[in-house]
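First comes the structure, then the notes that go with it.
Scope of the values below: all heavy atoms of this structure, side chains included, with no hydrogens, waters or symmetry mates.
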Amino acid sequence: NSHAWRSVGEPYNLGVWSTEIGGEYLVRRTGFHNQRDDGAALSRRLGDLPLALEQAAAYCEQLGVSFSEYLRRIELSTATMLSDKRYAPVDYRNQDTVTSTVSLAMKEATRIHSAAEQLIVYASWLGPNPIPLFFFSHGALFLRPLGNLLSARGPDKAVPLGQMLFGEGLDEAVAALRSFALVERFDIVDTRQPGVQIPAIRLHPLVRDIARAHWPEDQLPPVRAQLRAAMSVAVGSCDPKFVEAWPFCDALLPHMDVCARVDVDANLFDRSSAEKILFDAATYRHMALAAFHDALRDMTSALALFELQSGPDHFRHVSVIASILHSQGRLQEAKATYEKTLWLIDKLPSIFTDLLRAKSLNGLGLVLLDLGELSAARSAFDEALGGGARFSDERLTSAVLNNIGLVLRKQGNSAEALQHFEAAVDLIRSEDEPKAANLSRHINNLALIYEDAGRLPEALKLFNEALEINLDILGEDHPDTAMSL
């Protein structure tokens, strides 16, 4: 199964079976012809691995156990169930089991590179999805040696993992694991930005289960803490507020969910790391995926962790929660939350809170606009505009100019609305970001005012530009894209 045979000949990839073939094998091997659906489910759970399917079939046939019952039992202790030699095929390597085969492969991979087993054991406690390699290259310094938890022995077992993965070490460790078919290496191709390809590895589900069995339960909290710290560094390398970072956020997202879970006795550093992960996950879900329910859940959890450290009545994360509530259409709750944010900010006035105050005023103004309170919305925008200009925040200034244009258009003042929309578009275009997140909204609003004025060719050109940007950045399923159609 080694990938590096091209000096000898053209490699032929021996993959696992399909679920259909695996399920059919279980049915024919056991004679359980009335359990085809359960057989397919069991094959899927075993990753369609032929050796595992043979062990499962032998177990079910000899004990008269149904596929569904075997599936229940294997969930309780996968590695133990797959280590029983009584149900291993007699003609396979002296009745080697799945567990013994995988464990031996891990040992042999570690002979090639001393970080191989540690890498796969750590990877097993992330999510089941493909794992971007930049998680390890960025966060390896926080992954401590596993020492006696490893099956391999030798002087390298105490060397920091970050040191072993430095430079070409990560690629070499992955190559060692690939030599024994323990991981698959490939590129994650982003659906919205196909030009972005992110190197990643994927573990077979049974390899993942057996690697996890290296850790006794009492060792898990510190291991989770190390993964959490590594993840907080990895997410710091891809800010979800910027479109170009979204492919990397998307690759990390399922693993962020795993690492954000905090143990009961977590210390201050653990909670701070989890708070950072939850904040970035919520921001990505809100901005890129329009997954507002999950975004609110994550941001509320981030706020709760922060309040454990700093107490209640702090503005951190509150304005973002208000923005998510607004996206959900919960206008009165969003209004009250923005007002709470401004009240909390005013309790701690400083140069560091003035810009956040301006951003919160802009958010409040948008809620008031949707509530039909046009005069109050205009007052909030005017006050926010001063903050954006004072801090030379062109994104905020552009957004507020656009939003004032929305008020003016609703008030029937098309001429002034046009001036504000044009100024907003010109300002955000000057940032030299042809696909800035807010640009499509500003362009769409300018197109609407052109349409109102009967300038249809200009309006159509801008509508098409806004749609193209949304399709490229957000994809066809995002609400903003639907509004552009």
Heavy-atom nearest pair, L53 first then S43, reads CD2-CA, 3.7 Å
Pair Q35-L42, side-chain contact (heavy atoms from CB on, under 4.5 Å): steps then yes or no
CA-CA 10 Å; Q35 299 182 31; L42 178 55; over 6 Å; no
Ring geometry between F269 and F142 (parallel below 30°, tilted from 30 to 60°, perpendicular above 60°)
parallel
Between atom CD1 of I188 and atom CZ of R202, what is the distance when rounded to the nearest 0.5 Å?
8.5 Å
Residue pair L206 / R45, side-chain heavy-atom distance below 4.5 Å:
yes
Closest approach of S273 to A229 (non-hydrogen atoms, all atoms of both residues)
OG-CA, 4.0 Å
Do the side chain of S137 and the main chain of F134 share a donor and acceptor less than 3.5 angstrom apart?
yes
How close do P247 and I198 get, heavy atom to heavy atom, and via which atoms?
O-CD1, 3.5 Å
All heavy atoms of H255 vs all of N129, minimum pair found to be CE1-O, 3.3 Å
Mind checking the CZ-OG spacing from F279 to S232? Nearest 0.5 Å is all I need.
14.5 Å
If only atom types and distance count, is the side chain of S77 paired as donor or acceptor with the main-chain N or O of R73 below 3.5 Å?
no
Donor on one side chain, acceptor on other, S66 and S68, under 3.5 Å:
yes
Indicate yes or no for a side-chain donor-acceptor contact from R178 to the backbone of V183 under 3.5 Å, with no hydrogens or angles considered.
no
Evaluate side-chain contact (heavy atoms from CB on, under 4.5 Å) for L104 paired with F180, printing each intermediate quantity in order.
CA-CA 10 Å; L104 177 60; F180 294 92; over 6 Å; no
Donor-acceptor contact below 3.5 Å, side chain W17 vs main chain L49
no
Are there more than 12 heavy atoms of other residues, nucleotides or ligands under 6.0 Å from atom CZ of F186?
yes
For atom CG of D37, decide whether the heavy atoms of other residues, nucleotides or ligands shown that lie under 6.0 angstrom number more than 12.
no
Side chains of I210 and V98: does their closest heavy-atom pair fall under 4.5 Å?
yes
Rounded to the nearest 0.5 Å, what's the gap from OG on S103 to CE on M106? Could you check?
6.5 Å
Salt bridge check, D294 against R297: does any charged N sit closer than 4.0 Å to a carboxylate O?
yes
Are the side chain of S323 and the backbone of S319 linked by a donor-acceptor contact shorter than 3.5 Å?
no
Contact between L253 and L289 at the side-chain level, heavy atoms closer than 4.5 Å - yes or no?
yes
Side chains of T78 and R208: do they bring a donor and an acceptor to under 3.5 Å?
no
Closest contact, heavy atoms only, L203 versus A123:
CD1-CB, 4.0 Å
Taking atom CD of E20 as the centre, report whether more than 12 heavy atoms of other residues, nucleotides or ligands fall under 6.0 Å from it.
no
State, with a plain yes or no, whether a side-chain heavy atom of R330 is found less than 4.5 Å away from one of L296.
yes
Return yes if some donor-acceptor pair links the side-chain N/O of S100 with the main-chain N/O of D96 below 3.5 Å, else return no.
no
Closest contact, heavy atoms only, D187 versus Q197
OD2-OE1, 3.4 Å
Tell me, do R357 and F315 make a side-chain contact under 4.5 Å, heavy atoms counted?
no
Under 3.5 Å, side chain of T97 to main-chain N/O of D84, donor-acceptor pair present?
no
To the nearest 0.5 Å, what is the distance between CD1 (I443) and CD1 (I428)?
8.5 Å
Between L63 and Y87, is a side-chain contact (heavy atoms from CB on, under 4.5 Å) present by the stated rule, with each step listed?
CA-CA 10 Å; L63 300 185; Y87 307 106; 3.7 Å; yes
Taking only residues two or more places apart in sequence or in another chain, which ones pass salt bridge (charged side-chain N to carboxylate O under 4.0 Å, His left out) with R316?
E275
Could you tell me whether the side chain of Q95 reaches within less than 4.5 Å of the side chain of R86, counting heavy atoms only?
no
A side-chain contact here means heavy atoms from C-beta on lying under 4.5 Å apart; do V258 and L227 qualify?
no
So does Y338 get a backbone contact from the side chain of S360, meaning a donor-acceptor N/O pair under 3.5 Å?
no
For the backbone of S124 and the side chain of R212, can you confirm whether one donor and one acceptor N or O come within less than 3.5 Å of each other?
yes
L119 CG to E172 CD distance, which is reported to the nearest 0.5 Å
12.5 Å
Determine, step by step, whether Q328 and E333 satisfy the side-chain contact (heavy atoms from CB on, under 4.5 Å) criterion, reporting the C-alpha distance in whole Å, the side-chain angles of both residues, the deciding distance to 0.1 Å, and the verdict.
CA-CA 10 Å; Q328 290 182 308; E333 292 174 84; over 6 Å; no
Donor-acceptor pair, distance only, cut-off 3.5 Å: does the side chain of D190 make one with the backbone of R192?
yes
Under a 4.5 Å cut-off applied to non-hydrogen side-chain atoms, are T99 and Q55 in contact?
no
Between atom CD1 of I473 and atom CD of E468, what is the distance when rounded to the nearest 0.5 Å?
10.0 Å
